[in-house]
Each structure stands twice: as structure tokens, then as C-alpha cells.
S.K.: 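Take a look at the following structure, please.
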Amino acid sequence: MRRLSMWMRAHPMVGDSLIAGLLLLIDLAILLLSRLGPPEDQFGPWQLALPLDLLMVLPLVFRRKHPLLVAYLVLVISIPHAAFELGLAPLTAGAVSVYSVVVYSGRKQGAIYLVATLAVSEVQTFIQYPEQWLINSIILVLILAFCWTLGEFAGARRAYQAELEARLHLLETERDQASRIAVAEERSRIARELHDVVAHAVSVMVVQADGASYAIRSDPALAERAVRTISGTGRGALAELRRLLDVLRNEDANGEPRVPQPGTEALGELAERIRTAGVPVRLDLGEELAELPTGVALGVYRIVQESLTNTLKHAGQGATAEVRVWRSGDAVRVEVTDDGAGKARALVSDDDTSAVAGGNGLIGMRERANVFGGTLEVGPNPGGGWRVRATLPTP
């Protein structure tokens with residue numbers, strides 16, 4: 001039954017054809033039954049009634065596509081049909097037309113057509129049945145009022161369904177937009193992670209390779225340690241790159257194990273890698289860092305990683321670095337400084353340090369700080385070296 005209803009909704013002309021056929025059968029049945037009564041109660045000749053009935057009900061098949069055209073065509077044909085007293089087809093077809101105009105063309109057009117139908121019917125009734133004009137008018141008004149009310153209800157329901165479908169379509173569009181935005185944000189995050197991983201790993205490997213090339217003859221043991229550091233750093237970077245790229249390649253692989261993102265607990269290992277690369281690092285970690293949110297902890301790690309990578313690239317071996325991370329109220333503060341291997345730099349005031357231009361690394365650090373509503377200050381240290389200060393709120 002449900003399938004039949006859905007099929008009928010998908011093919012509305014089939015239902016309208018059934019309605020037209022039913023109205024035609026009813027009118028013909030009334031016409032034949034009238035033949036059994038007295039001559040004064042009989043309708044007109046069936047040879048004239050049949051073609052006019054067909055002309056009146058056939059347009060109803062197209063009442064959904066062309067409601068106004070069909071309605072006025074029915075009204076025009078009803079005039080000769082009623083004039084020759086050929087049956088009740090004008091009343092039934094007119095009632096269906098009023099309903100169709102209200103539903104598919106709106107109240108304004110429905111009111112105009114209703115007035116036209118009432119005017120034509122009242123004139124015909126008054127001319128043909130003046131003694132029964134009042135009772136026939138009341139019956140006609142009740143029938144048309146019922147059709148109008150039914151059309152109002154069906155039109156309101158149709159408008160509600162159309163509004164509901166529009167809202168569902170809008171929600172689907174917004175959901176797709178949100179999905180695309182989420183994918184873009186995730187790809188942007190992965191791009192930042194890839195930059196941090198590659199920049200750090202490549203810097204360590206380049207420094208170690210340079211050191212190994214100088215020490216390969218004079219100190220083979222030192223060169224061997226440098227090569228091992230290169231190998232370990234490269235393997236670690238490849239593992240992290242595979243993990244990040246798997247997010248792009250296997251979006252549906254929810255059951256696969258994921259390596260946890262580094263946080264403040266990994267700063268010791270990071271400092272040790274930099275020390276192995278030839279830059280002594282002094283690490284000063286405050287208390288309660290283990291309670292940081294995962295995102296904030298990752299941001300702290302990446303800021304420190306980028307800062308130490310810049311120290312390794314720009315200051316080189318012979319420089320020393322200091323990393324301080326501590327909680328202060330409702331924020332975590334990060335400070336990374338290096339002495340620049342004794343290289344003096346121009347003095348920069350604290351107000352200008354945030355305006356220092358930088359490459360992708362500094363841009364990435366600023367973006368990480370902004371994501372959490374924090375601040376970042378970068379710039380030269382008085383007397384030499386470089387300084388990075390970051391403050392990240394911890395809700």
C-alpha cells in the first residue's frame with residue numbers, strides 16, 4: 001500500500017486521470033438514472049451530454065500543471081452543459097477546479113475563480129430554477145466553501161512540506177560546507193605539522209652530516225655517533241610523516257592505531273636530540289604541565305621545536321639555548337632563548353619584537369598561539385642571540 005502511494009505521488013497524472021474518469025462515470029450514471037423517472041425530471045439527450053462531459057472532465061487530468069487554464073476551461077464548458085441540463089458535471093468539476101486553484105495557484109487566484117464560478121452558477125440557477133434559487137444557492141455555497149477549506153488545508157500542508165524540504169536541503173548544504181571547512185582546517189593543521197617535522201629533522205640531519213664530514217678522519221667515533229643520530233632522526237621523521245599522511249590517505253580507517261601527538265612530556269627527548277646535534281640546551285620545566293589540554297601541550301611542543309630548530313640552523317654549533325616552560329595563573333608561558341654563539345645583534349624594544357617578520361616557521365608559531373587566543377613575541381636578544389616568548393591560555 002505504501003509503495004502504491006509513493007508511486008501515485010511520483011505519477012500525479014495517473015491519479016488525476018482516475019478522478020476525471022470517476023466524475024465522468026458519476027455524471028453518466030446520474031444521466032441514465034434520470035431516464036427512469038418522470039419526463040420533467042430527466043436530463044438532456046445523452047448524445048449531447050457525453051461529448052460535453054468528456055470536454056469538461058478531460059482537462060482535469062492536467063489540473064496540477066495548469067490549474068488556472070484547466071479551471072477556466074471547465075467554467076466555460078459548464079455554461080452550455082448547464083444550459084441544456086445535461087447533468088451534475090459542472091458542479092463536481094467546478095468543485096475540483098476550486099480546490100485545485102487554491103492549492104496550486106494560491107488564495108488570490110482561488111478567490112477570483114470562486115467569485116466567477118458563483119456568479120455563473122447563480123445566474124444559471126436563477127434563470128432555470130427561479131423557485132428553487134435560494135436552496136440551490138445555499139447548497140452550491142456550502143459545496144464550494146468545503147472545497148475551498150479543503151484546498152486551504154492541502155495548500156498549507158504542501159507549503160509546509162516545501163519549506164521542510166528547503167530547510168533539509170539547506171541543512172545538507174551547511175553540513176557539506178562544514179565538512180569541507182573541517183577538511184581544509186585539518187589539512188592546514190597537517191601542513192603545519194609537516195613543516196615542523198621536516199624542518200626540525202632536516203636541520204638536525206644537516207648539522208650532523210656536516211659534523212660527520214669534518215670528524216670522519218680525525219675522530220671516527222664522533223662521526224659514527226653523528227651518522228647514528230642522522231639515521232635515528234630520519235627514521236623518526238619518516239614515521240611521523242607516515243602517520244600524518246595516513247590521515248589524508250585513509251580517512252575511513254578509524255580502527256587503525258594512532259601514535260599520540262607529542263606534548264610537554266616529550267620536551268626532554270627534544271632537548272636531548274638538539275644536544276646530540278651539538279647545541280647544549282638547558283631545560284627548565286615548571287609544575288602542573290602534565291595537566292595541560294592536549295592541543296595546548298602540542299602547541300607548546302611545536303613552538304619549542306621550531307625555536308630550537310631555528311637556533312640549530314641560524315646560530316649553529318657553539319651556541320647554547322635555554323628553554324623555560326611554566327604555568328602562570330590561567331596561562332602557560334614559553335620562553336626559548338639562545339646566545340647566538342656570541343654574535344651580537346641590534347637592540348630591539350619589547351614593543352617591536354612581535355612585528356619581526358619571519359618565514360614559515362615564525363608564521364606557524366604565531367598561528368599556533370592565535371588558535372588558542374595567546375600571544376607570541378620573537379626577536380633578537382640584547383647583546384646577541386634570539387628570543388621567543390609565547391603565552392597560551394589554559395582554560
Side-chain angles (χ1 to χ4, degrees), residues 8 11-105 109-151 154:
M8 293 291 289
H11 303 82
M13 290 187 64
V14 176
D16 293 338
S17 300
L18 294 177
I19 293 175
L22 180 62
L23 294 181
L24 179 62
L25 291 177
I26 292 175
D27 195 62
L28 292 179
I30 293 175
L31 183 64
L32 292 176
L33 289 176
S34 70
R35 298 292 180 182
L36 303 178
E40 62 272 11
D41 293 336
Q42 293 182 5
F43 291 109
W46 66 269
Q47 296 89 344
L48 183 61
L50 182 59
L52 287 179
D53 283 347
L54 287 174
L55 290 176
M56 185 170 295
V57 300
L58 283 180
L60 296 178
V61 176
F62 307 96
R63 67 185 183 90
R64 298 176 194 255
K65 291 185 177 181
H66 309 285
L68 285 177
L69 178 62
V70 169
Y72 284 103
L73 186 60
V74 169
L75 182 61
V76 170
I77 300 175
S78 69
I79 296 176
H81 194 287
F84 289 103
E85 299 182 7
L86 301 178
L88 299 179
L91 179 61
T92 55
V96 174
S97 299
V98 169
Y99 168 84
S100 302
V101 172
V102 173
V103 173
Y104 300 106
S105 296
Q109 296 294 338
I112 296 174
Y113 181 75
L114 180 63
V115 171
T117 301
L118 283 173
V120 172
S121 301
E122 291 297 326
V123 171
Q124 291 177 341
T125 304
F126 184 77
I127 294 175
Q128 295 175 349
Y129 310 101
E131 68 281 357
Q132 299 178 356
W133 173 77
L134 182 60
I135 186 66
N136 288 340
S137 298
I138 294 175
I139 294 175
L140 178 63
V141 169
L142 290 177
I143 292 175
L144 294 181
F146 173 76
C147 293
W148 175 280
T149 304
L150 191 63

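Reckoned from all heavy atoms, side chains included, excluding hydrogens, waters and symmetry mates. Numbering starts at 1 and runs along the sequence shown. These numbers were taken from a predicted model, which means no experiment stands behind them.
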S.K.: Can you tell me how far the CG atom of Leu28 sits from the CG atom of Leu23, to the nearest 0.5 Å?
M.R.: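 Here the rounded value is 11.0 Å.
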S.K.: Within this structure, what is the CZ-OG distance for the pair Phe126 and Ser121, rounded to the nearest 0.5 Å?
M.R.: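 If I round to the nearest 0.5 Å, the distance is 15.0 Å.
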S.K.: Sequence neighbours left out, cut at 3.5 Å: what donor-acceptor pairs do the side chains of residues 87-102 make with other protein atoms?
M.R.:
unit_1 : atom_1 : unit_2 : atom_2 : d
Thr92  : OG1    : Leu88  : O      : 3.4
Thr92  : OG1    : Ala89  : O      : 3.2
Ser97  : OG     : Ala93  : O      : 2.8
Ser100 : OG     : Arg63  : NH1    : 2.8
Ser100 : OG     : Val96  : O      : 2.9

S.K.: Mind checking whether Leu60 and Asp16 have side chains closer than 4.5 Å, heavy atoms only?
M.R.: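 The answer is no, as the side chains (C-beta and beyond) never meet within the 4.5 Å cut-off.
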S.K.: For Tyr113, enumerate each residue passing the ring pair (Phe, Tyr, Trp, His ring centres under 6.0 Å) test, keeping only those at least two apart in sequence or located in another chain.
M.R.: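 Per chain and number, Tyr113 pairs via ring pair (Phe, Tyr, Trp, His ring centres under 6.0 Å) with Tyr72.
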S.K.: What residues, two or more places apart in sequence or in another chain, satisfy side-chain contact (heavy atoms from CB on, under 4.5 Å) together with Leu48?
M.R.: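 In terms of side-chain contact (heavy atoms from CB on, under 4.5 Å), with neighbours along the sequence ignored, Leu48 is linked to Pro45, Leu52, Phe84, Leu86.
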S.K.: Using every non-hydrogen atom in the two residues, find where Val103 and Ala154 come nearest and quote the distance to one decimal.
M.R.: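 Smallest interatomic distance, heavy atoms only, reads CG2-CB, 3.8 Å.
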S.K.: Is the shortest side-chain heavy-atom distance between Asp53 and His81 below 4.5 Å?
M.R.: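 Yes, at least one pair of side-chain atoms sits under 4.5 Å.
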S.K.: Suppose we screen for side chain to side chain donor-acceptor pair (under 3.5 Å). Which residues come up paired with Asp27, at least two apart in sequence or across chains?
M.R.: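 Result, side chain to side chain donor-acceptor pair (under 3.5 Å) vs Asp27: none returned.
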S.K.: How far does CG of Leu114 sit from CD of Gln109, to the nearest 0.5 angstrom?
M.R.: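 CD of Gln109 is found 12.5 Å from CG of Leu114.
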S.K.: Distance-only check: which donor-acceptor pairs under 3.5 Å involve side-chain atoms of residues 134-144, not counting sequence neighbours?
M.R.:
unit_1 : atom_1 : unit_2 : atom_2 : d
Asn136 : ND2    : Gln132 : O      : 3.2
Ser137 : OG     : Glu122 : OE1    : 2.5
Ser137 : OG     : Glu122 : OE2    : 3.1
Ser137 : OG     : Trp133 : O      : 2.7
Ser137 : OG     : Trp133 : NE1    : 3.4

